[in-house]
Amino acid sequence: MDEERTSSRVRGDQTWRERAACAVAVEVARDPDLFFPVGLADEQRVALAKAICSSCQVVTTCLEAALECGDTNGIRGGLTEDERRAARHRFELRCEPARVSAALSGRDVHLSRAEQKELIRRAASSGTSAARVAKVLKVSEAHVKKLLRLEFRRAARLLPGTLSAAEAAGERNPA
């Protein structure tokens with residue numbers, strides 16, 4: 001059903017759509033709005049769209065793409081608009097170490113809030129430059145330096161004696 005993924009999808013990559021079941025489904029050719037039902041009266045259309053999704057090799061990628069971009073229209077990844085709204089919170093709490101590693105190694109992947117925090121934690125502990133982290137998170141270096149200072153302070157509170165006062169103040173952070 002779902003294709004096996006060995007790495008995170010690059011941000012903005014839509015090539016997976018070519019392999020989507022909905023791209024070749026006869027039902028979609030007959031009813032182009034099948035994946036955009038209106039109201040509860042379209043229960044049969046919802047069921048048919050979900051059945052197509054259930055046979056799709058890229059259903060997980062489709063759902064992740066919808067959650068990443070905040071798509072609120074239609075059925076995506078086998079979920080309706082309401083179901084995706086409920087899944088969004090769980091998605092933002094996701095923290096996959098492989099995605100964080102991929103981002104730090106230069107891949108342009110979408111990171112959840114939890115993954116962004118993990119990236120900052122790793123950057124602080126490894127001495128990754130603020131410039132590198134800023135590029136990955138697509139924020140200013142000044143903002144990253146602030147995040148790293150906060151992380152150094154948090155780590156100092158959790159593990160007393162492991163960081164010097166200068167490190168806790170953020171002076172360790174290389175530019």
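All figures in this text were calculated on a predicted structure; none of them were measured in a lab.
Residue pairs satisfying the ring pair (Phe, Tyr, Trp, His ring centres under 6.0 Å) criterion with at least one member in residues 51-107, sequence neighbours excluded, are listed as follows: F91-H110. Within the structure, every pair that satisfies the salt bridge (charged side-chain N to carboxylate O under 4.0 Å, His left out) test and touches residues 47-61, not counting sequence neighbours, is listed here: K50-E83.
Annotation: side chain to side chain contact (heavy atoms under 4.5 Å, CB included) contacts of D71 (sequence neighbours excluded): A66, C69, N73, R76, R84. Judged as a side chain to side chain contact (heavy atoms under 4.5 Å, CB included), and not counting sequence neighbours, the contacts of A114 are C95, S112. Not counting sequence neighbours, T72 has no partner by the side chain to side chain donor-acceptor pair (under 3.5 Å) test. With sequence neighbours left out, the side chain to side chain donor-acceptor pair (under 3.5 Å) criterion links R113 to no other residue. E118 is linked by a side chain to side chain donor-acceptor pair (under 3.5 Å) to R121, R122, counting only residues two or more places apart in sequence or in another chain. Residues meeting the side chain to side chain donor-acceptor pair (under 3.5 Å) test with S140, sequence neighbours left out: none. Contacts of F35 classified as ring-ring contact (aromatic ring centres under 6.0 Å, His included), with partners at least two apart in sequence or in another chain: none. Scanning for salt bridge (charged side-chain N to carboxylate O under 4.0 Å, His left out) contacts around K117 gives an empty result, with sequence neighbours left out. Applying the side chain to side chain contact (heavy atoms under 4.5 Å, CB included) rule to K135 yields the partners R132; only residues at least two apart in sequence or on another chain are considered.
The shortest side-chain heavy-atom distance between L137 and I120 falls under the 4.5 Å cut-off.
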Could you pull out all donor-acceptor pairs under 3.5 Å where a side-chain atom in residues 20-33 meets a protein atom, sequence neighbours excluded?
residue : atom : partner : partner atom : Å
D31     : OD1  : D33     : N            : 3.3
D31     : OD1  : R45     : NH2          : 3.4
D31     : OD2  : R45     : NE           : 3.0
D31     : OD2  : R45     : NH2          : 3.2

